[in-house]
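For reference, the structure discussed in these notes is given below.
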Amino acid sequence: MTNVDQLSIDTIRVVAADMVQAAKSGHPGAPMGCAPMAHVLFSRVLNANPKNSEWFNRDRFVLSNGHGCALQYVLLHLLGYKVSMGDLKNFRQMDSVTPGHPEKTHTEGVEVTTGPLGQGISNAVGMALAERHLGAVFNRPNFPVINNTVYAIAGDGCLQEGVASEACSLAGHLQLGNLVVLYDSNGIQIDGSTKLGFTENVLQRFEAYGWHTQSVADGDRDLDGIHRAITVAKAEKTRPSIIEITTTIGYGAAKAGTAGVHGSALGEDSLAAVKTLFGFNPKERFVVADDVYKFYQQRAEEGAQKEKEWNELVAKYAKAHPDLHADLTRRIAGKLPDGWESVLPRYTPEDKPEATRKLSETVITALAEKIPELISGSADLTGSNLARWPSAVDFQPETTQLGDYAGRYVRYGVREHGMAAICNGMAAYGGVIPFNSTFLNFISYAAGASRLSALSRLRVVYVATHDSIGLGEDGPTHQPIETFAMLRATPNFLNFRPADGNEVSGAYIAALQHIHTPTVVSLTRQPVPQLEGSSIENTLKGGYSLKTYGSGQKPDLLIAATGSETSIAVDTAKLLVEKNGLTVKVVSMPCLELFDQQPDDYRHSVLTPGVPSISVEALSTHGWHKYVHHPIGMTTFGASGPYKQLYEHFGFVPEVIAKKALNIVDYYKNVPVPTLDLQF
């Protein structure tokens, strides 16, 4: 360890503690304990260019234990990213680039949004998967254009979360030797010692996953040992690596090694004592010596040189492999191939009824041939989700003889949460567009990660089949009732429930066009007819007037519906025309979020003011009162039985809905029809 190494480490510790003290909240313990390993990683190993944080072949770093984010912000500042000393002083303040946990959308140099434990290490698995895939597709002899490493720092809490187990188990199976995890083993969590509830042998667990394991006994001082272990891990090409580094949380503080330094500021007296111990003036704050800046600036210049060398390699690659270079350049820029929308099918009412999951399979097959960056997968429901196209090759190590790394279909196993978190990492890495698939009800398993898809503004497509009581005999354990309401309540999420083939095609167009938004495409198991009046173009508006039935100049009733209930709404309208002489307007609402984004006059033209309205959806009615006067939906869990019997039992048949509709029409003959607030 050199003098500048020690000064740099102590500076990281002290400035991180200053940040937490100034904010009067935060986590000083992890930054103070992890400072040596982070310093080694950033000053000796990690290849990145602060002058171009988007350099595509940079190594990726994920701070999985995001409560230690002050550590990352200090390092980014020292390296010259757009994190100023003023930003460090404004830690955890509104509109700061240094929020309370790392956020991809806020801070240059932060690769993924972490904080909820276990998510970051799972994202790192996704990044490693994306790197392996792109390397297999684009690398050629003498042209290793994609060959970076993914590093993560994770703590005890990260490894306790189930999502980490799911993702790391798959990483071992997939032999992702480009992934290196530094495990900050400090024996402390919020409640106290990990002896209270986490006493397993972590390295043996990871060995069982198929990982390469090492340990460093003195993570507080043994910089060379840490560096050697990382070097060995990097040389391991067929197994992901985890290095258990034993550290002291809050190193140097009076309460070091206890939960007392985990989640609150040290206090003025303790902070002053830490500064004195490390040779700093206890009366000064946010001090960085010139020697530390110079040391890290040199490392930043080395990163810039690495990118320069890579750019030179890519220029030669362009001459040797022009087609591959053009495709790689397009993917890095985030552009889709020209004319991709034209491959999507269109339907007329004369086309046969199909389950929307089957229609989705047709769309995914067409897209996969046109968009090579599309990577799909399923949580052990391939034959049900139908998200694998006929010519697809599985993403597998070649040694398994089950596929190869150029393959574009991932067998996630029964790991919904891990699947979603891995997809977040893939989307954050770039160059690929991840699709994943499961039953709609089981997105509840993945909610921690799907929420971060939205918060992180990542284009992840969730293919969710078996979307209602219409799945039938599997019963209420599998039938989603509240799930879509939860997804609709999540900001920055598109939730599609397409009614027919045109709406399925439109849903996927919207999903791919919204590059900063995740999308759920919710699909039926049972067949639905191709509807008169549906179109891809109207689907992109989220809601539209499907057709008005009857001869009146103004509707007597408006029925809004989604998915498989839209055709039921049509049949209900026809019945009301035939039996009762009403005029009924049917509105299809495949995506409420897109509908909300339309101009006021358009929304009012669809949801005609002054007309009594109902909605029909075999899910929870939560949220529908914004659009209609009387929602009709599920108020209980479902049941086991053939889907037609279930629809009859729960009242989703034209005769029952028509009876309710007539009561509503009659009611509003005597009272004014309320005006719905569509101003949003």
Side-chain angles (χ1 to χ4, degrees), residues 356 467-468 484-485 488 494-500 502-503 506-507 522 524 528-529 531-535 538-550 554-577 582-598 600-635 647 651-654 656-658 660-665 667-668 673-680:
T356 55
D467 74 334
S468 73
F484 225 53
R488 283 171 171 161
L494 296 183
N495 299 285
F496 276 92
R497 197 159 179 262
D500 70 354
N502 288 326
E503 292 194 359
S522 178
T524 68
V528 295
L531 299 172
E532 183 182 359
S534 74
S535 73
N538 281 333
T539 302
L540 297 177
K541 298 175 183 177
Y544 61 97
S545 302
L546 186 67
K547 186 175 180 180
T548 298
Y549 296 87
K554 181 180 180 181
D556 301 298
L557 175 71
L558 184 149
I559 307 177
T562 75
S564 48
E565 288 74 73
T566 308
S567 60
I568 296 173
V570 169
D571 291 342
T572 301
K574 292 177 179 178
L575 182 64
L576 289 167
V577 172
L582 298 184
T583 296
V584 182
K585 181 179 184 179
V586 178
V587 170
S588 181
M589 299 279 281
C591 181
L592 302 185
E593 296 80 17
L594 283 184
F595 184 72
D596 288 350
Q597 296 173 17
Q598 304 309 308
D600 289 352
D601 57 352
Y602 176 78
R603 295 199 307 273
H604 280 91
S605 72
V606 173
L607 300 178
T608 311
V611 176
S613 57
I614 64 173
S615 62
V616 182
E617 188 176 57
L619 301 171
S620 167
T621 61
H622 185 81
W624 272 105
H625 289 86
K626 183 166 72 172
Y627 306 98
V628 300
H629 300 107
H630 295 279
I632 296 173
M634 293 290 294
T635 58
Y647 269 71
F652 293 99
V653 290
V656 175
I657 297 170
K660 293 179 180 180
L662 284 172
N663 289 336
I664 291 166
V665 171
Y667 174 80
Y668 283 117
V673 177
T675 299
L676 294 169
D677 181 13
L678 299 180
Q679 302 304 313
F680 307 146

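None of these values were measured; they are calculated from a predicted model.
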For this session: Inspect the surroundings of NE2 in His622 and state if more than 12 heavy atoms from other residues, nucleotides or ligands are less than 6.0 Å away.
Result: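 No.
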For this session: Indicate whether any N or O donor in one side chain lies under 3.5 Å from an N or O acceptor in the other, for Thr524 and Ser564.
Result: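 No, Ser564 and Thr524 have no side-chain donor paired with an acceptor closer than 3.5 Å.
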Exercise. For residues Gln598 and Tyr544, is any side-chain donor paired with an opposing acceptor at under 3.5 Å?
Worked result: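 There is no such pair between these side chains.
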Check: [X] side chain, [Y] main-chain N or O, donor-acceptor pair, under 3.5 Å:
{"X": "Asp500", "Y": "Leu531", "answer": "yes"}
{"X": "Glu503", "Y": "Thr539", "answer": "no"}
{"X": "Arg497", "Y": "Thr562", "answer": "yes"}
{"X": "Thr608", "Y": "Val611", "answer": "no"}
{"X": "His629", "Y": "Pro674", "answer": "yes"}
{"X": "Ser545", "Y": "Lys547", "answer": "no"}

Pairwise side-chain contact, [X] with [Y], heavy-atom cut-off 4.5 Å (strictly under):
{"X": "Leu662", "Y": "Leu576", "result": "yes"}
{"X": "Leu557", "Y": "Ile559", "result": "yes"}
{"X": "Val653", "Y": "Asp571", "result": "no"}
{"X": "Tyr627", "Y": "Leu676", "result": "no"}
{"X": "Ser522", "Y": "Phe484", "result": "yes"}

Could you grab the distance from atom [atom1] of [X] to atom [atom2] of [Y], nearest 0.5 Å is fine?
{"X": "Asp467", "Y": "Thr356", "atom1": "CG", "atom2": "OG1", "value": "6.0 Å"}
{"X": "Thr572", "Y": "Ile657", "atom1": "OG1", "atom2": "CD1", "value": "4.0 Å"}
{"X": "Ser615", "Y": "Lys626", "atom1": "OG", "atom2": "NZ", "value": "13.0 Å"}
{"X": "Met634", "Y": "Ser468", "atom1": "CE", "atom2": "OG", "value": "9.0 Å"}
{"X": "Leu592", "Y": "Asp596", "atom1": "CG", "atom2": "CG", "value": "6.5 Å"}
{"X": "Asn495", "Y": "Leu594", "atom1": "CG", "atom2": "CG", "value": "10.0 Å"}

Minimum heavy-atom distance [X]-[Y], with the two atoms named:
{"X": "Val673", "Y": "Gly610", "value": "CG2-O, 3.7 Å"}
{"X": "Leu546", "Y": "Ser534", "value": "CD1-N, 3.6 Å"}
{"X": "Ala569", "Y": "Val586", "value": "O-CG2, 4.0 Å"}
{"X": "Leu575", "Y": "Ala658", "value": "CD2-CB, 3.9 Å"}
{"X": "Gly550", "Y": "Val577", "value": "N-CG2, 3.8 Å"}
{"X": "Gly543", "Y": "Tyr602", "value": "O-OH, 2.7 Å"}

Problem set entry | Lys/Arg-Asp/Glu bridge criterion (N-O < 4.0 Å) met for Lys585, Asp556 |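 Looking at Asp556 together with Lys585, the answer is no, because their closest N to O distance does not fall below 4.0 Å.
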Problem set entry | Cationic N near anionic O, under 4.0 Å, Arg488 to Glu617 |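 Yes, charged N to carboxylate O under 4.0 Å.
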For this session: Decide yes or no on side-chain contact (heavy atoms from CB on, under 4.5 Å) for Val587 and Leu558, but give the supporting numbers first.
Result: CA-CA 7 Å; Val587 170; Leu558 184 149; 4.0 Å; yes
For this session: Apply side-chain contact (heavy atoms from CB on, under 4.5 Å) to Phe652 and Val616, showing your working.
Result: CA-CA 8 Å; Phe652 293 99; Val616 182; 4.0 Å; yes
Exercise. Do the ring planes of Tyr667 and His630 sit parallel (below 30°), tilted (30 to 60°) or perpendicular (above 60°)?
Worked result: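 Rings of Tyr667 and His630: perpendicular, as their planes differ by over 60°.
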Problem set entry | Derivation of the side-chain contact (heavy atoms from CB on, under 4.5 Å) call for Val606 and Phe595 | CA-CA 10 Å; Val606 173; Phe595 184 72; 4.0 Å; yes
